[in-house]
Amino acid sequence: MSTPPIFPDLRILSTIDQVGVEERAQRFQARSIKKESKLSALKLAITMLDVTTLEGKDSPGKVRQMCAKAMRPLPEDPSIGPASAVCVYPRLVRVAKEAVGESGVKVASVATAFPSGQSRMKERLSEIRYAVGAGADEIDMVISRGKLLHGEFRGIFDEVVRCKEACGEAHLKVILETGELQTYDTVRVASEIAMAAGADFIKTSTGKVQPAATLPVTLVMLEAIQDFHDRTGRMVGMKPAGGIGNAKLALQYLVMVKETLGKAWLTKEKFRFGASSLTNDLLMQIRKQQTGRYQSADYFSKD
Amino acid sequence: MPEGPGEGTAGSSAKRTTKKANSHDFVEGDCYAPAPENTDHVSLKRSYDLFIGGKWVRAPKKFETINPATEEVIAEVGEAGPKMVNRAVGAARDAYEKTWSKMPGRERGKYLYRLARLIQERSREFAVVETMDGGKPIRESRDIDLPLVAAHFFYYAGWADKLEYAFPGRKARPLGVAGQIIPWNFPLLMAAWKLAPALAAGNTVVLKPAETTPLTALLLAELIEEADFPPGVVNVITGAGRTGQNLVQHEGIDKVAFTGSTAVGKLIQKTLAGTGKRFTLELGGKAANIIFDDAPINQAVEGIVNGIFFNQGHVCCAGSRLFVQEGLVDTVVRKLKRRMESLVLGDPLDKNTDIGAINSPEQLTRIQGLVDSGREQGAKCWQSSQKIPGKGNWFKPTIFTDCAQSHRIVQEEVFGPVLAVQSFRTPEEALEKANNTPYGLSGGVWTDKGSKIFKITSQLRAGVLWANTFNKFDPSSPFGGYKESGMGREGGLHGLGAYVQLSGR
């Protein structure tokens with residue numbers, strides 16, 4: 001961005017009615033997506049996946065396997081996929097980068113003392129630089145939820161601005177960890193601060209805290225993105241992460257995006273799913289749509 | 001021959017070309033692939049008789065009931081003339097005197113519980129028929145109408161054996177025979193609102209459903225038969241306005257319960273003057289939905305949509321007048337228009353449909369007339385861009401901005417998907433404008449501040465008020481209007497009170 005980011009005027013933010021948001025989210029679940037609409041949505045969802053592994057036991061071998069799956073989710077059908085990115089810890093960025101090569105699949109890395117963010121800014125920033133240096137195209141940072149809940153909004157803003165600087169060319173996704181923020185009003189404020197500070201994406205969760213992504217909390221963030229776009233003209237992306245374990249739920253998210261932000265956001269540039277186990281259910285449902293029959297889980301590679 | 005605008009109706013899907021099929025792509029398509037509710041399980045008869053004294057009685061004359069979305073005839077039903085009305089009232093009187101009023105409340109309760117459970121069991125079928133006959137989206141009849149219908153019977157079934165606790169210190173006796181006339185916007189739900197309290201209190205009933213939507217009341221009569229109610233406790237006679245008139249004028253009834261237009265309500269009141277018959281009237285409305293600048297805006301926009309576009313605006317308590325605090329008007333209107341564009345209009349039986357068909361050609365003409373007057377009187381009209389199916393009665397979601405209090409679209413009940421938007425500067429101004437109407441059925445207030453909710457709602461002159469939501473119903477909550485919106489209450493303990501006479505012990 002050419003102009004330095006400006007701390008947002010939080011007084012202009014609308015409040016959120018919890019009952020109303022949850023009721024609205026339920027309406028999206030009542031949509032019935034069939035046939036061609038369903039098949040095209042399932043294929044779209046595959047291309048929006050940030051295929052993720054974030055565990056202590058992650059190893060180069062595991063990451064390489066996951067990259068292969070992300071590049072070619074269904075070996076016999078090249079028209080499916082590829083996923084948008086693989087998401088790993090900083091130490092495995094180099095391995096992942098090598099594995100995805102020129103396939104177009106991006107490498108995303110969590111950083112900034114993921115998942116808690118409880119470390120000094122100096123270390124958190126150097127972690128970003130390390131991951132970017134190793135070849136990460138995208139950085140998924142966490143914000144200091146303790147600070148936010150304490151009311152240090154300015155501090156959160158500065159944190160995101162500095163992380164964005166450290167990213168350089170890499171895209172920045174800001175994880176709000178909505179499960180710890182608890183109220184929709186706090187999520188709304190955090191979304192606004194992150195977007196004003198330069199986030200390319202806002203993201204619900206680390207996947208390490210329950211609840212992770214939910215439809216209502218994602219709706220609150222989508223509406224924040226819409227209001228921000230109305231005001232500034234800048235399109236910020238959205239990434240719900242954690243808890244999206246099956247195709248049915250993934251489609252409900254896509255319906256919600258389509259009916260709130262519209263089709264401009266229905267691309268992998270503006271919408272991602274953070275998920276570790278969603279891929280195979282999407283593939284299974286695609287096969288079901290194509291053939292009319294479910295196939296056994298043994299016909300889909302587990303990587 | 002070029003096809004009419006938009007998709008054909010359900011029947012013409014075979015004609016769809018490859019190009020049209022492509023339009024269901026999730027991103028690029030202009031609508032989702034059709035997701036029609038299964039109708040295989042619904043078996044309707046070609047022809048229905050009148051349900052009188054526990055028997056199906058042939059009416060000499062019949063008329064057709066039409067699916068407003070396809071213009072196809074669904075079935076024909078009997079038209080009850082004075083003779084049949086007389087016979088029905090006689091059957092109800094017999095049942096009242098011989099069985100129902102003498103039966104212990106506990107036993108009456110059992111019948112009502114049984115009926116409620118039967119409704120739950122067959123709710124899918126009833127929802128489909130309600131949608132076919134009336135034009136409302138299946139999502140609404142399935143998720144809102146039918147659950148509420150069962151809930152009303154369950155609720156009043158519970159009161160049947162507790163009348164002495166309902167009105168402490170006094171003895172509650174039934175009134176006798178009730179003549180009940182119900183409208184076409186919530187055919188089965190209005191039948192439930194009227195039948196359940198009347199029966200729980202020990203009254204017997206002659207029910208007349210609306211001319212354009214008689215089918216679910218007739219199916220309900222079949223369930224009443226199946227539940228083995230004593231003959232004559234509930235009689236269902238179909239017909240038009242004249243049948244209703246005959247019923248109201250009949251000397252054998254003790255109470256009239258009417259839901260419908262204010263004009264007919266006034267006529268009924270005139271007819272009943274001096275007869276000693278009791279009555280409750282639930283008439284028109286022109287509800288104010290007030291959005292303050294501290295409201296949760298996105299949820300308020302959703303509430304506006306639920307307020308006015310629910311059931312195509314065929315709702316007496318619809319939030320048809322929108323008042324927005326001046327600084328927020330542009331934002332709210334922008335968001336509202338965007339939301340209106342995402343509404344799905346079309347085949348009411350499609351599970352994704354948000355806006356169904358207008359109930360009848362007459363109603364469509366009336367809506368069009370009022371919208372024309374709005375344009376002529378200088379309000380600014382905006383309609384969403386959905387395509388209208390070639391056949392059937394349809395009206396696009398419509399809003400008027402730059403409205404004045406003196407415009408007809410602000411003053412008169414449209415009973416369609418048409419919203420009049422006005423602005424205000426102070427709470428006092430909002431209240432003054434909101435109350436400046438001959439109606440007073442419902443209203444809504446949107447603000448994040450609890451104290452403001454109480455301050456404003458205590459001064460709004462309307463029978464039903466919602467805060468930060470709209471069009472929510474519950475059997476335990478009384479419903480009814482001030483001024484020209486009617487008299488008496490339905491629902492809750494108040495609704496039970498309308499079917500009993502009280503005396504000292």
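Residue numbering restarts at 1 for every chain, and letters A, B, ... go by the order of the sequence lines.
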| field | A:K34 (side chain) donor-acceptor with B:P34 (main chain) under 3.5 angstrom | value | no
| said: Is it true that, when you exclude A:K106 itself, more than 12 heavy atoms of the residues, nucleotides or ligands shown sit nearer than 6.0 Å to its NZ? | reply: no
| Atom CZ of B:F454 with >12 non-hydrogen neighbours under 6.0 angstrom | no
| message | Between A:T15 and B:D448 (side chain of the first, backbone of the second, donor and acceptor by atom type, cut-off under 3.5 Å), is there such a pair? | response | no
| field | A:K263/B:D25 ion pair, N-O < 4.0 Å | value | no
| said: Do the side chains of B:R338 and A:D230 get close enough for a salt bridge, i.e. N-O under 4.0 angstrom? | reply: yes
| remark: Bottom line for B:A300: the part with an atom under 4.5 Å from chain A's heavy atoms is neither
| said: With chain B as the partner, which of A:S37, A:G262, A:G20, A:A41 has the greatest number of non-hydrogen pairs under 4.5 Å? | reply: A:S37
| message | Around atom NZ of B:K472, are there more than 12 heavy atoms from other residues, nucleotides or ligands closer than 6.0 Å? | response | yes
| said: Looking only at heavy atoms and a cut-off of under 4.5 Å, which of B:E341, B:K351, B:E302 has the most pairs with chain A? | reply: B:E302
| request: Could you check A:E223 against B:K335 for salt bridge (Lys or Arg N to Asp or Glu O under 4.0 Å), going step by step and ending with a plain yes or no? | output: CA-CA 11 Å; A:E223 284 172 345; B:K335 283 173 178 280; over 6 Å; no
| message | Working to the nearest 0.5 angstrom, can you tell me the gap between B:F26 CZ and A:L39 CG? | response | 12.5 Å
| Residue A:V255 versus chain B: region with a heavy atom under 4.5 Å | both
| said: Check whether B:Q299 reaches the backbone of A:D17 with its side chain - one donor and one acceptor, N or O, closer than 3.5 Å. | reply: yes
| request: Would you mind checking if B:D354 and A:R31 are paired as a salt bridge, meaning a charged N to carboxylate O distance below 4.0 Å? | output: yes
| Can you say whether A:D185 sits under 4.5 Å from chain B via the side chain, the backbone, both, or neither, judging by heavy atoms? | neither
| Does atom CD1 of A:I12 have more than 12 heavy-atom neighbours, drawn from other residues, nucleotides or ligands, at distances under 6.0 Å? | yes
| task | Tell me, out of A:K35, A:E259, A:K258, who's got the most heavy-atom pairs with chain B below 4.5 Å. | result | A:K258
| request: Please look at B:N306 and chain A and tell me whether the side chain, the backbone, both or neither of the residue comes under 4.5 angstrom of a heavy atom of that chain. | output: side chain
| Most heavy-atom pairs under 4.5 angstrom with chain B, which of A:L251, A:D227, A:L219, A:V19? | A:D227
| query | Between A:S32 (side chain) and B:A35 (backbone), is there a donor-acceptor pair under 3.5 Å? | reply | no
| request: Applying side chain to side chain contact (heavy atoms under 4.5 Å, CB included) between B:V27 and each of A:L254, A:T267, A:L44, report the one that passes. | output: A:L44
